[in-house]
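Reminder, nothing fancy here: chain letters follow the sequence lines and each chain counts from 1. In what follows, every heavy atom counts, from backbone to side chain, and hydrogens, waters and symmetry copies are set aside.
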Amino acid sequence: MSLWLIPLIPFFAAVLPPLTIRSGRNVCATVTALATLLALALLLSHAPAVYRGEIVQTRLDWLPQIGLSFSFFIDGLGLFFATMILGIGLLVIVYARFYLSRNDPIGRFYAYLLLFQGAMVGVVLSDNILLLLVFWELTSLTSFLLIGYWRHLPEARQGARMALVVTGGGGLLLIAGMLLLGHIAGSYELSEILKRGELIKASPLYLPMLLLVLGGAFTKSAQFPFHFWLPHAMAAPTPVSAYLHSATMVKAGIFLLARLWPVLAGTDAWFLIVAPVGLVTMLVAAWIAIFKDDLKGLLAFSTVSHLGLMTMLLGFGTPMAAVAAVFHILNHATFKAALFMGAGIIDHETGTRDIRRLGGLLTLMPITATLVLIASASMAGIPLFNGFLSKEMMLEEALKTSYAGMPWLFPVMAGLATLFSVAYSARLAVRVFFGPKRHDYPSHPHDPPVGMWGPVAVLVVLVVAIGLLPALIAGPIVAHTALAVIGGPLPSYYLSIWHGVTPALLTSMGATVAGAALFLAYQTINRIRLGLPRPDAKTLFDRVIAGTVAGADWAIARSHTGSLQLYFAIILGAVVVLAAGGFWSASHGAGTRATLPMSLPAGIAWFALVAASVAAALRHHDRVFALVLTSIVGLVVSLLFLQFSAPDLALTQISVDVVTTVLLLLALNLLPKTTPREGSPLLRSRDAGIAAVAGLGVAGLAYAVMTRGFETISAYHLEQSKPGGGGTNVVNVILVDFRGFDTFGEIIVLGIAALAIFALLDHPFGRASARRLASIRFAEEARDAHPMMLVVATRALLPLALTVGVYILLRGHNLPGGGFIAGLVVAMALIMQYMASGYVWANARARIDSQAMIGAGIVIAGLTGIGSWVFGRPFLTSSFGYFSLPLVGQFELATAMAFDLGVFLAVVGAVLLSLSQISRVQQRAERSPVTDNPMDIVLAPETAMAKES
Amino acid sequence: MELLVSSATGVMTAVGIYLLLSARTFPVILGLTFLSYAVNVFLFSMGRLTINQPPIIGATTAGYSDPLPQALVLTAIVISFGMTALIVVLALRGFLEAGTDEVDLAIPREGGPADAGTKGDMARPQP
């Protein structure tokens, strides 16, 4: 069976609970449990191979370019964690069925749980560290959903958010760390990385990488000072807490430390950072746990403390400590999950989790009490239960550890933490179950149905069994897991209850007695504690978040002023600065290429262009005048193209200029005719400064380039134009053949632009804009909207212009011309009709819809391209042939001409549509709509007839 | 000649950018036109300047100017027209709707309609 199914089954199955919830909660829970069971069965089917010492692997490339592959592997460690995740997950699923009330949407709960489960299994089975990161982030996201499951509770939402911020932030660190790790190791596959421990430890990047990875692991596993999110995540339903905080989510960080132990551990840096962090976490959290009145709060801090213990053990970096850590992971998962579920039962039955309001439950709920008492004893580290064994091993290791020349530090602190754990366990056990029977419970508490205590019982059986027969029950598991963690030979150790009277045992006994004493003196100590300053992590966190939000608000308010002018100035300024940097850092002086001699006409044209440009900048407040100046510049640019051997460009530029000028004139009719003088001189000089520098830069760059020689790929185009494309006008052949696909895209863009214009102006005007349109008064001289001279001239010119257009289109393949230019010429001739005779008159006589023309153009061009498929050639391969007809003689037909026809039609349609729409709006603005007949009647009928024919 | 063309390109760029930074839409459109001229000439000049050598294949021609920048610029000219037309119409419709041809947005601030009504009659309809 493929390995990758194991993490994917929960993901796929996550759709089932919301679907099956209609058939009832039992069906829903059964389906969820079956999916988990299936994944577990698949996993365990690999167990024999793993225990034979094999490593089961599967690999599927995902994005090989960046080293991401969909690869998984199972070794002892992966098997151990995955079994724990799926096994405890199964128990939690059963438990949740009875725990959640009828009002809770259980389908959603199971869906989240399965997603989380899949992500967790993915983390522990991933071979590729990038894939691991993906699953890691998924655990953060899905645990957010689970913690915030009761979304109506503000604490749930806040707790979920806090968990996401802390673990998500840590996830970002981890991403950086993992990328560094992969970079150092030269592979992103864990199975490869694990073999390269020496290389990694010797790398100069080891320390930054270690810090980043630890950042990810410590936030996830709630290590000091990131421990504060975990207790707030207790706002989740108890099954979630039992799952996330015993076996899964928070163990992910521990898993990571264990997984990377062979390549990261054993250095001074590792020991100096990881061990004390674990120690401090263990001690501080155990101290806080003593004073927690909320059962789940107590358990949460106890969890943090135990996570600290495991971190510390892994931090020691010795093989024996790693064995102890593995053993404690197993033990902690069993008793802590049992305790969380037990706390949930108590809450469920009594309606409270407050230790001060509980008591005497032993006789009321005997089964629950027995189970929880055993689990608490294990947590306290009482002999005969599994917690005792791993605690002894921990103390053994701590006693051997000397930190920074202080041989007493670890033994004393570890002993103190053990003492505290006895105290809080005693407080939980004694205060809840013993003492006088209370009668102020909201309902009479009794043992819950077996579905709720059954899962607890399973775990407690394990607690006792491992406690009594450690070597038999847990021995092989610990051995194989530790083997995978250490990556080398196992140290010699023996799991048993009795090791003789060792220093660890004595410490443990002393701590137990002292812990019991601490519990008895609880009231006094609590009073002292309340007198001391206690920093509240949540307040600090909230303050940091509030500060961040305020800072972001400030930055947004300052930078998003809504002034496009300012944005644009900043963008352009930045571009100018960057470009200036690039300009100066490269050789930018004049080149040695021979320049062309200047000529007088060129000088005059240059002068006209510069004068018109400068005048436009200075006098742009008179908009019509500025438009005239712009046209002069356009004209000179056309002449420039003509002068420097680009007749096609000259033709295109001049016709586009005419169309643009008409367009702007039309628009100007409806817009204000002047631009008010506004903006401070300072602002204008800033703009002028940016503009001047940009202009200088462009001029310098253009000059530097033009005075240098160059290589061009155009030789191919010149060579192939006639034999390959069948035309002598190389520019046109490039457009319709070599780069035909570009042109095809371009006419589509043009068509879209025209349709957008149509949509913008066709949309009915609202009341305000219609009123504004109606209020536009035309100047006195414009009252004669359709001067007779113009009308006559344009109508007479129309057939002529159309002929010219067709001529330009036809000759375009061999001589300057082509679809673009022809289209512009024809469009212009038609637009003249709109201008001279008015929209109503022209529109009534328009035979062809311009939208249809755009469509036809694009379709013709597209079909021409597709046509080459028929001959088994790629899209837009052109072909041509020579034919002869009587009278006409020999002529050439090329498919490119059909393509050019498409271009032609699209251009005509687009230009016509845009301009006629503006003139339609303008028509509405005219105060007295012009009737369409006077001109026709008065004018010579032959012109009209000429057009009709 | 190269000096003339490059300096003209620079002048057109400068004027284009200066106008683009205006507070009203129409100068911005003109600025865009200027900038299009400048960019087109700049692109064209990357093929270097040649006189009397149009890229039209003939038996007697001595040489040809580079056709590739020309083809690129030709489409650029047409596309600039499409862009100009679209922006003109946007400006036009914006002016008719808002009653002002200012470029800057009038962002309605939270907590008061003070800003909303200052530019034209954009204010929300009174209940």
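Side-chain N or O atoms of Arg739(A) include none that pairs as donor or acceptor with a backbone N or O of Ala71(B) at under 3.5 Å. A distance-only check finds a donor-acceptor pair linking the side chain of Arg48(B) to the backbone of Arg708(A) [under 3.5 Å]. Between the side chain of Glu2(B) and the backbone N or O of Leu596(A) there is at least one donor-acceptor pair closer than 3.5 Å. Without hydrogens or angle criteria, Arg24(B) side chain to Thr675(A) main chain gives no donor-acceptor distance under 3.5 Å. Here the side chain of Ser645(A) pairs a donor or acceptor atom with the backbone of Thr50(B) at under 3.5 angstrom.
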Practice item. Dump the intermediate steps for side-chain contact (heavy atoms from CB on, under 4.5 Å) on Ile918(A) and Leu92(B), then the final yes or no. Key: CA-CA 9 Å; Ile918(A) 300 182; Leu92(B) 183 56; 4.1 Å; yes
Review point. Between Leu4(B) and Met598(A), does a side-chain contact (heavy atoms from CB on, under 4.5 Å) hold up when you go through it step by step?
Key: CA-CA 8 Å; Leu4(B) 290 185; Met598(A) 287 191 204; 4.0 Å; yes
Practice item. List the steps and the verdict of side-chain contact (heavy atoms from CB on, under 4.5 Å) for Met12(B) and Val698(A). Key: CA-CA 10 Å; Met12(B) 289 189 290; Val698(A) 168; over 6 Å; no
Practice item. Check step by step if side-chain contact (heavy atoms from CB on, under 4.5 Å) holds for Leu670(A) and Phe95(B). Key: CA-CA 9 Å; Leu670(A) 299 171; Phe95(B) 170 69; 5.8 Å; no
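In this structure, chain A has a heavy atom under 4.5 Å from the backbone of Asn52(B), while its side chain stays farther away.
For Ala753(A), there are no side-chain contact (heavy atoms from CB on, under 4.5 Å) partners at least two apart in sequence or on another chain. For Leu618(A), the side-chain contact (heavy atoms from CB on, under 4.5 Å) test picks out Val614(A), with sequence neighbours left out.
Atom-to-atom distance recorded for Ile690(A):CD1 and Leu20(B):CG is 11.0 Å, nearest 0.5 angstrom. Distance check: Tyr716(A) OH to Leu68(B) CG gives 12.0 Å after rounding to the nearest 0.5 Å. Distance check, rounded to the nearest 0.5 Å: CZ of Phe26(B) to NZ of Lys673(A) gives 10.0 Å. Atoms OG1 and CZ, on Thr75(B) and Phe820(A) in that order, are 6.5 Å from each other to the nearest 0.5 Å. Going from atom OG1 of Thr33(B) over to atom CG of Leu664(A) covers 6.0 Å, rounded to the nearest 0.5 Å. Note that CE of Met83(B) is 12.0 Å distant from CG of Leu750(A), once rounded to the nearest 0.5 Å.
Between Tyr18(B) and His620(A), the angle of the ring planes goes over 60°, which puts this pair in the perpendicular group of the 30/60° scheme.
Contacts with chain B were tallied for Asp657(A), Asp742(A), Val693(A); Asp657(A) has the most, counting heavy-atom pairs under 4.5 Å. Of the listed residues (Ile29(B), Val78(B), Val11(B), Val28(B)), the greatest number of heavy-atom pairs within a distance under 4.5 Å of chain A belongs to Val78(B). Taking chain A as the reference chain and counting heavy-atom pairs below 4.5 Å, the highest number among Ser22(B), Ser36(B), Gly16(B) is found for Ser22(B). Comparing Gly709(A), Gly689(A), Ala910(A), Pro676(A) by heavy-atom pairs within less than 4.5 Å of chain B, the highest count is held by Pro676(A). Ranked by non-hydrogen atom pairs under 4.5 Å with chain A, the options Leu86(B), Val88(B), Asn40(B) are led by Leu86(B). Of the listed residues (Pro55(B), Gly31(B), Gly82(B), Gly47(B)), the one with the most heavy-atom contacts under 4.5 Å to chain A is Pro55(B). Contact count versus chain B (heavy atoms, under 4.5 Å) is highest, among Ala694(A), Ser914(A), Gly603(A), Ala646(A), for Ala646(A). Ranked by heavy-atom pairs under 4.5 Å with chain A, the first of Gly58(B), Ala23(B), Pro69(B) is Ala23(B). Heavy-atom pairs under 4.5 Å with chain A were tallied for Leu49(B), Leu30(B), Thr25(B), Leu19(B); the largest tally goes to Leu49(B). Residue with the most contacts toward chain B among Thr707(A), Leu718(A), Leu915(A), Val656(A): Leu718(A) (heavy-atom pairs, distance under 4.5 Å).
The side-chain heavy atoms of Phe568(A) and Leu21(B), taken from C-beta on, include a pair separated by under 4.5 Å. A 4.5 Å side-chain heavy-atom check between Val705(A) and Ser45(B) finds every atom pair outside the cut-off. Inter-residue side-chain proximity for Trp606(A) and Val5(B) is flagged as unmet; no heavy-atom pair is nearer than 4.5 Å. Under the 4.5 Å side-chain criterion, counting only non-hydrogen atoms from C-beta, Leu74(B) is not in contact with Gln653(A).
The shortest heavy-atom contact between Arg93(B) and Leu760(A) is NH1-O, 2.7 Å. Taking each heavy atom of Gly695(A) and Thr13(B) in turn, the nearest pair found is CA-CB, 4.2 Å. Residues Phe44(B) and Phe644(A) approach most closely at CZ-O, 3.4 Å, considering heavy atoms. Closest non-hydrogen pair, Ala14(B) versus Ala691(A), comes out as O-CB, 3.2 Å. The shortest heavy-atom contact between Ile56(B) and Pro816(A) is CD1-CD, 3.0 Å. Taking each heavy atom of Met1(B) and Ser599(A) in turn, the nearest pair found is CE-OG, 3.6 Å.
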